Amino acid sequence: QNEVAFDYVIAGAGTAGLVLANRLSANPSVSVAVIEPGDDVREDADVQTVDFLFSNFNTSINYQYPSVTSRALGSRNLTYRAGKAWGGTSAVNGMVYIRGDKAQYDAWEELGNRGWNWNTLFASYKKGEHFIVPTQAQVASGVTFDEAFHGKAGPLDLGFPLSLSNGSYYAKARATWEKLGVQSIKDLNGGAPHGFVTAPMTLDPQAAVREDSARAYYTPAEARTNLKIIKGTVKRITWGKDAGRLAVADGFEYVSPSGTMLEVRAKKEVILSASAYRNPLILEGSGVGNPKILNKLGIKIKVKLPGVGESLQDHNIIAMTYSLKEKFLGRIPYATTPTAHDVFGNNTASIASSSLGKIKEYAKQLSTTFDGAISVNAIEKRFRVQHDLIFKKNVTVAELFPTNTGDGILAQFWTSMPFSWGNVHLGSKDAIESPVIVPNIMATDFDVDMLTAVGRLSQQAFATAPLSDLVADNLTPGYDTLPLDASDDQWASFLDGNVLNALHVVGSCAMLPVELGGVVDEKVKVHGTRNVRVVDASIIPSQLSGHTMAPVYGVAEKAAVIILEGK
Ligand SMILES: Cc1cc2nc3c(=O)[nH]c(=O)nc-3n(C[C@H](O)[C@H](O)[C@H](O)COP(=O)(O)OP(=O)(O)OC[C@H]3O[C@@H](n4cnc5c(N)ncnc54)[C@H](O)[C@@H]3O)c2cc1C
């Protein structure tokens with residue numbers, strides 16, 4: 001029992017982990033095991049429902065990781081969440097599927113990852129996707145789409161809920177956004193998401209069931225005898241004999257549900273797909289990371305890799321609530337994705353130039369936050385690429401996404417490419433369940449200005465006809481607290497008390513060259529190792545607009561091909 005061997009052993013049966021499990025085990029002569037602490041929840045009613053309203057929060061299938069307190073947030077701490085189940089976070093998330101801008105993917109290649117660009121990822125997306133063509137009734141309720149952007153033969157169902165709101169919300173929101181200069185677009189998943197549109201979701205519309213990675217990728221592979229999910233929590237990588245200067249993994253040590261420590265052997269490779277929060281903990285526990293941190297924790301160094309756990313990037317989110325004069329039934333998944341110009345208007349050029357002038361200062365600050373783990377120059381290079389995306393390549397910089405609460409609208413909005421990044425590390429040698437997360441959000445004036453401007457745009461939309469015709473009142477924070485003409489100071493204090501992490505976390509094991517703070521190379525292999533790969537949100541090197549689940553599926557599809565090539 002203690003010495004089972006498989007070709008590939010994957011830590012985590014989450015969003016990415018089960019894509020790999022399916023693709024790697026497609027060949028019956030390749031054996032694959034996945035170690036996962038969560039359960040099979042494919043028949044759990046709270047998971048299946050497509051009426052996501054945070055129903056899984058604070059349940060046993062939802063990790064809640066408190067961050068350290070943050071001075072920039074008036075000493076609040078934040079809660080980071082993720083799914084603990086087969087399917088991982090895809091089993092508990094909001095199901096909204098948005099890929100982001102072409103130029104954001106091309107930047108991955110510009111940063112040193114050959115072959116990782118929009119064109120290759122677009123092909124991976126389509127390979128994984130089973131697009132369900134909307135019904136006439138859905139089209140009548142505002143669904144538009146471009147079939148050329150979608151795959152038809154993949155395992156992942158993508159569609160629109162049948163319970164789309166049939167009231168006047170869509171038409172009014174669309175007209176208001178057009179009045180504000182944001183045009184409606186047909187489909188936001190072709191690399192050009194700028195506009196207003198109904199967003200697709202990972203679901204089976206007819207059955208009204210969530211499509212998570214367990215249903216999409218594990219169910220069709222379940223009968224394979226060469227694929228096994230083992231219940232347990234990976235603690236560390238076990239090492240064999242080095243191959244020259246490269247460390248060689250020979251398996252994982254993991255904790256069984258009864259608390260026994262067991263081992264599983266990997267004949268070829270181990271793969272970490274345990275999330276952006278947990279992969280750094282497994283690497284550090286295995287001696288891969290920043291020597292300063294490992295020494296403090298009393299962990300023997302196997303591979304020096306200072307980028308492990310750094311550059312954790314999220315979106316910064318705020319929600320306001322509005323009561324409506326009419327009640328709507330059903331979902332209103334309408335995304336508005338503005339560019340910097342939509343957000344800053346005539347101030348765009350001056351904000352572009354003042355923030356560019358401060359880039360070095362931002363990089364210095366962040367390098368200090370990271371205790372020098374990534375150099376000022378490396379961060380500055382990454383920031384310049386991001387700044388160009390925002391101001392030269394005109395990618396979308398924010399998203400405004402309403403949710404129908406039944407009584408009114410939860411108007412969420414977030415910024416997509418902040419310059420304040422955090423980190424996540426192991427707190428003590430054995431604390432593999434408890435990431436120490438430093439959020440460091442809102443640490444630059446640019447991030448505050450950007451979220452303020454997006455917030456003003458959101459307020460303006462709800463105050464502009466014809467959408468405003470539906471609005472009865474702004475319930476939170478209320479116009480007394482934050483009037484339509486609120487000053488910068490009023491906004492700053494509102495943000496201090498209310499900004500949250502959007503749970504779109506990437507970057508803690510970034511796919512980048514070592515000099516830029518990278519953890520894996522373009523073959524998704526941990527630098528300095530021969531056979532340790534990382535595949536999930538943690539390797540995404542720079543933030544995308546939209547959400548993170550779609551990118552994780554695309555990344556995992558592409559990574560599976562690379563792994564099978566064996567390079
Ligand atoms: C509440 C919420 C709502 C969201 N809504 C959306 C949305 O609408 N659209 C969108 O695109 N994105 C959304 N996201 C984000 C998105 O779902 C995630 O970015 C994405 O699913 C992450 O995939 P992953 O493979 O990186 O990690 P996960 O899917 O989290 O998989 C990690 C897996 O590893 C397991 N694991 C953890 N530790 C260990 C260990 N030590 N050993 C073995 N296994 C381990 C976990 O149990 C889990 O199954 C949301 C996130 C949250 C939390």
Side-chain angles (χ1 to χ4, degrees), residues 9-20 33-41 52-58 60-65 79-100 199-203 210 212-214 217 229-237 252-255 264 270-283 285 314-315 317 333 335 399 401 403 412 426 432-435 500-509 534-540 544-556 559:
V9 186
I10 302 167
T15 315
L18 289 181
V19 176
L20 298 180
V34 191
I35 316 291
E36 165 62 48
D39 291 319
D40 180 359
V41 294
F52 170 81
L53 263 186
F54 314 111
S55 50
N56 292 308
F57 277 20
N58 307 322
S60 63
I61 62 167
N62 186 254
Y63 295 106
Q64 300 125 54
Y65 304 124
T79 302
Y80 286 79
R81 295 176 185 279
K84 179 184 183 182
W86 294 12
T89 307
S90 72
V92 302
N93 71 5
M95 293 168 273
V96 176
Y97 181 99
I98 302 181
R99 294 167 182 161
M201 295 168 63
T202 44
L203 45 70
R210 169 193 293 272
D212 54 34
S213 72
Y217 283 90
I229 298 185
I230 299 170
K231 188 157 176 155
T233 305
V234 169
K235 185 160 187 196
R236 62 173 70 97
I237 298 163
F252 283 132
E253 194 174 88
Y254 70 98
V255 190
V264 56
V270 296
I271 303 165
L272 304 186
S273 298
S275 80
Y277 309 107
R278 303 284 286 266
N279 293 332
L281 276 49
I282 297 173
L283 287 173
D314 201 345
H315 297 154
I317 192 168
E399 189 173 326
F401 196 90
T403 299
Q412 292 182 294
L426 199 54
I432 53 163
E433 307 265 2
S434 314
L500 292 174
N501 45 325
L503 306 170
H504 295 155
V505 171
V506 303
S508 57
C509 297
V534 185
V535 181
D536 62 14
S538 67
I539 67 169
I540 292 177
L544 298 155
S545 298
H547 306 228
T548 40
M549 168 185 59
V552 169
Y553 279 121
V555 163

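Keep in mind the model is a prediction, meaning the values are calculated, not measured. Order of appearance sets the numbers: ligands from 1, and atoms from 1 within every ligand.
- Taking 4.0 Å as the cut-off, Gly546 does not count as a neighbour of ligand 1 on heavy-atom distance.
- Residue Ile35 has at least one heavy-atom neighbour below 4.0 Å for each of these atoms of ligand 1: 43 (C), 44 (N).
- Residue Thr89 holds the heavy atom nearest to atom 30 (O) of ligand 1 of all those in Val555, Ile432, Thr89.
- Considering backbone and side-chain N/O atoms, Gly232 never comes within less than 3.5 Å of an N/O atom of ligand 1.
- Proximity to Thr233 (heavy-atom distance under 4.0 Å) selects the following atoms of ligand 1: 40 (C), 41 (N), 42 (N).
- Proximity of Pro435 to Tyr80: side-chain heavy atoms (C-beta onward) are nowhere separated by under 4.5 Å.
- Within the 4.5 Å cutoff, no side-chain heavy atoms of Leu544 are placed close to those of Arg99.
- Close approach of ligand 1 to Val96 (heavy-atom distance below 4.0 Å) involves ligand atoms 7 (C), 8 (O), 9 (N), 10 (C), 11 (O).
- In this structure, Tyr254 and Pro37 have side chains that are not in contact, with every pair of non-hydrogen atoms separated by 4.5 Å or more.
- Two residues are said to be in side-chain contact when any heavy atoms from C-beta on lie closer than 4.5 Å; Val234 and Val264 fail this criterion.
- Under 4.0 angstrom from ligand 1, the non-hydrogen atoms of Met95 all belong to its backbone.
- Residue contacts with ligand 1: Asn93 is placed with a nitrogen or oxygen under 3.5 Å of a nitrogen or oxygen of the ligand (distance criterion only).
- Polar contact check, Gly38 against ligand 1: no nitrogen or oxygen pair lies under 3.5 Å apart.
- Proximity to Ala16 (heavy-atom distance under 4.0 Å) selects the following atoms of ligand 1: 25 (O).
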Item to check | Test side-chain contact (heavy atoms from CB on, under 4.5 Å) applied to Tyr553 and Ser90, step by step | outcome: CA-CA 10 Å; Tyr553 279 121; Ser90 72; 3.7 Å; yes
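- A salt bridge links Glu253 to Arg236: one of the charged nitrogens lies within less than 4.0 Å of a carboxylate oxygen.
- Residues His504 and Asp314 form a side-chain contact, since some pair of their non-hydrogen atoms from C-beta on lies under 4.5 Å apart.
- Contact annotation for Arg278 and ligand 1: only side-chain heavy atoms (C-beta onward) come within less than 4.0 Å of the ligand.
- Here the options are Thr548, Thr89, Asn279, the test is side chain to side chain donor-acceptor pair (under 3.5 Å), and the partner is Asp536; only Asn279 passes.
- Between Ser538 and ligand 1, not a single N/O pair is under 3.5 Å apart.
- The contact set between ligand 1 and Gly12, taken as ligand atoms under 4.0 Å from a residue heavy atom, comprises 34 (O), 35 (C), 43 (C), 44 (N).
- Side-chain atoms of Tyr277 and Ser538, non-hydrogen and from C-beta on, never get closer than 4.5 Å to each other.
- Taking a cut-off of under 4.0 Å to the non-hydrogen atoms of Lys84, the atoms of ligand 1 that pass are 47 (O).
- For Gly17, the closest heavy-atom approach to ligand 1 does not fall below 4.0 Å.
- In terms of modelled atom types and a separation under 3.5 Å, the side chain of Arg210 and the main chain of Thr202 share no donor-acceptor contact.
- Considering both main-chain and side-chain atoms, Ala537 comes within under 3.5 Å of ligand 1 through a nitrogen or oxygen pair.
- Heavy-atom proximity to Arg81, at under 4.0 Å, picks out these atoms of ligand 1: 53 (C).
- Phe252 has its side chain within reach of Leu272: a pair of non-hydrogen atoms, C-beta onward, lies under 4.5 Å apart.
- With a heavy-atom cut-off of 4.0 Å, Tyr63 touches ligand 1 through its side chain alone.
- Of all the listed residues (Gly83, Ser273, Gly88, Ala556), Ser273 holds the heavy atom that lies closest to atom 32 (C) of ligand 1.
- Residue-to-ligand polar distances place Thr548 within reach of ligand 1: an N/O pair is separated by less than 3.5 Å.
- Of the N or O atoms in Gly94, one or more lie within a sub-3.5 Å distance of an N or O in ligand 1.
- Remark: distances from the non-hydrogen atoms of Tyr277 to ligand 1 are all 4.0 Å or more.
- Of the N and O atoms on the side chains of Arg81 and Asn93, not one donor lies less than 3.5 Å from an acceptor on the other residue.
- Salt bridge status for Lys84 with Glu36: absent, with no side-chain N to carboxylate O gap under 4.0 Å.
- At least one N/O-N/O distance between Ala85 and ligand 1 falls below 3.5 Å.
- A distance of 6.5 Å separates CG in Asn56 from CG in Asn62, rounded to the nearest 0.5 Å.
- The ligand atoms of ligand 1 that sit less than 4.0 angstrom from a heavy atom of Phe57 are 1 (C).
- Residue contacts with ligand 1: Val505 is placed with no nitrogen or oxygen under 3.5 Å of a nitrogen or oxygen of the ligand (distance criterion only).
- With a 4.5 Å cut-off on side-chain heavy atoms, Cys509 and Pro280 count as touching.
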